[in-house]
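Below, each value reflects all heavy atoms present in this structure, side chains not excepted, and no hydrogens, waters or symmetry copies. Lettering of chains follows the sequences in order, A, B, ..., and the numbering in each one begins at 1.
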There are 2 protein chains.
Amino acid sequence: MTRPAKKSPERMSPALLQGVAEQFKALGEPSRLLLMNLLFDGERTVGELVALSGLSQANVSKQLGVLFRTGWVLRDKLGLNVLYRLADDRTFTLCELMCNRVREQATAAADRLR
Amino acid sequence: MTRPAKKSPERMSPALLQGVAEQFKALGEPSRLLLMNLLFDGERTVGELVALSGLSQANVSKQLGVLFRTGWVLRDKLGLNVLYRLADDRTFTLCELMCNRVREQATAAADRLR
DNA sequence: TGACTATATTGCCGAATGGCGATATAGTCT
DNA sequence: AGACTATATCGCCATTCGGCAATATAGTCA
């Protein structure tokens, strides 16, 4: 091995690797991302999210469950309703980062076709 | 609806939603995350990644293909070898963000058990 | 109490996906 | 050319997972 080969910054433990992967995976689904995006506006009940998203009630409830278990959203019971809201400020940073990436890739792909 | 209900900042288009989801999904797998982590040290050939990761050659090649197609890594042929390297500086920011999240969740969970 | 409403859960199915062994491809060396 | 090496791809299997219809749960109201 004659190439530079920087010194390792820090090897991620298998457990951390698994944990981080779960976080990413939770956001790696358009339906869940849509729900997160709707929650950018503020807290919403499940019913509101069903109406706004066009997804089925069962599906919305299921995907919210995933987001809740992975710690991306919080919930409060309010009478019959359940209010969901974003749990982490970093959500905005994250999504902006990814959106920029996707947009850059799109323009790069467009340039490649010229 | 009597709750605040902020004005929508911006609705993500279905295409953007899909694109962002693909980005997240690509990182939502421990094996791929491990490869990315190994590439933090600098560029590596497939063979080196196989040795360092403990994954099979076929699997490493496959997962690198996913990371390449989603734009997370770049590759250069060098004789018989193929050198892979990270394609996006944001990778570091992203992983740090997620790692912090996971660590916070772990300590929070630990506190909850006291 | 019983009727009603909002949400969660269950069972199911089809599609997508990670991993493996085997094989194909492409580049190197003599 | 032929032997060899590094990487990519293929076919397969087992598992995971999104979505749906139906049902269960829990809270409200009269």
Shortest non-hydrogen contact from A/Asp88 toward A/Arg90: OD1-N, 2.8 Å

DNA chain D contacts among residues 69-76 of chain A, heavy-atom distance under 4.0 Å: none

Contact under 4.0 Å: A/Tyr84 side-chain N or O vs C/dA6 OP1/OP2: no

Minimum side-chain heavy-atom gap B/Tyr84-B/Val46 below 4.5 Å: yes

Candidates D/dT7, C/dA8, D/dG18 - which lies nearest the side chain of A/Val82: C/dA8

Minimum-distance pair of heavy atoms, taken over all atoms of A/Leu27 and B/Met98: CD1-CE, 4.5 Å

Considering all heavy atoms, the nearest A/Arg101-B/Gln23 contact: NH2-OE1, 2.8 Å

Between C1' of D/dG18 and CG of A/Leu34, the distance in whole Å: 14 Å

Heavy-atom check, side chain of A/Leu64 versus side chain of A/Leu35, under 4.5 Å: yes

Annotated protein contacts, base or backbone, on nucleotides 20-30 of chain D with a non-hydrogen cut-off under 4.0 Å, one of B, S, - each: SBB---BBS--

Sugar-phosphate, base or nothing in reach of B/Phe68, heavy atoms under 4.0 Å: nothing

Residue mapping more 5' on DNA chain D - nearest nucleotide basis, B/Gly47 or A/Ser31: B/Gly47

Under 3.5 Å donor-acceptor, B/Arg32 side chain and B/Ala26 backbone: yes

Same apolar cluster: B/Val73 and B/Phe92, side chain cutoff 4.5 Å: yes

5'-most by nearest nucleotide on DNA chain D - B/Asn81 or A/Gln63: B/Asn81

Euclidean distance, atom CD of residue B/Glu22 to atom C1' of C/dA16 [Å, nearest integer]: 13 Å

Whole-Å gap separating P (C/dA16) and CD (B/Gln18): 11 Å

Donor-acceptor pair between A/Asn59 and A/Gln63 side chains, under 3.5 angstrom: yes

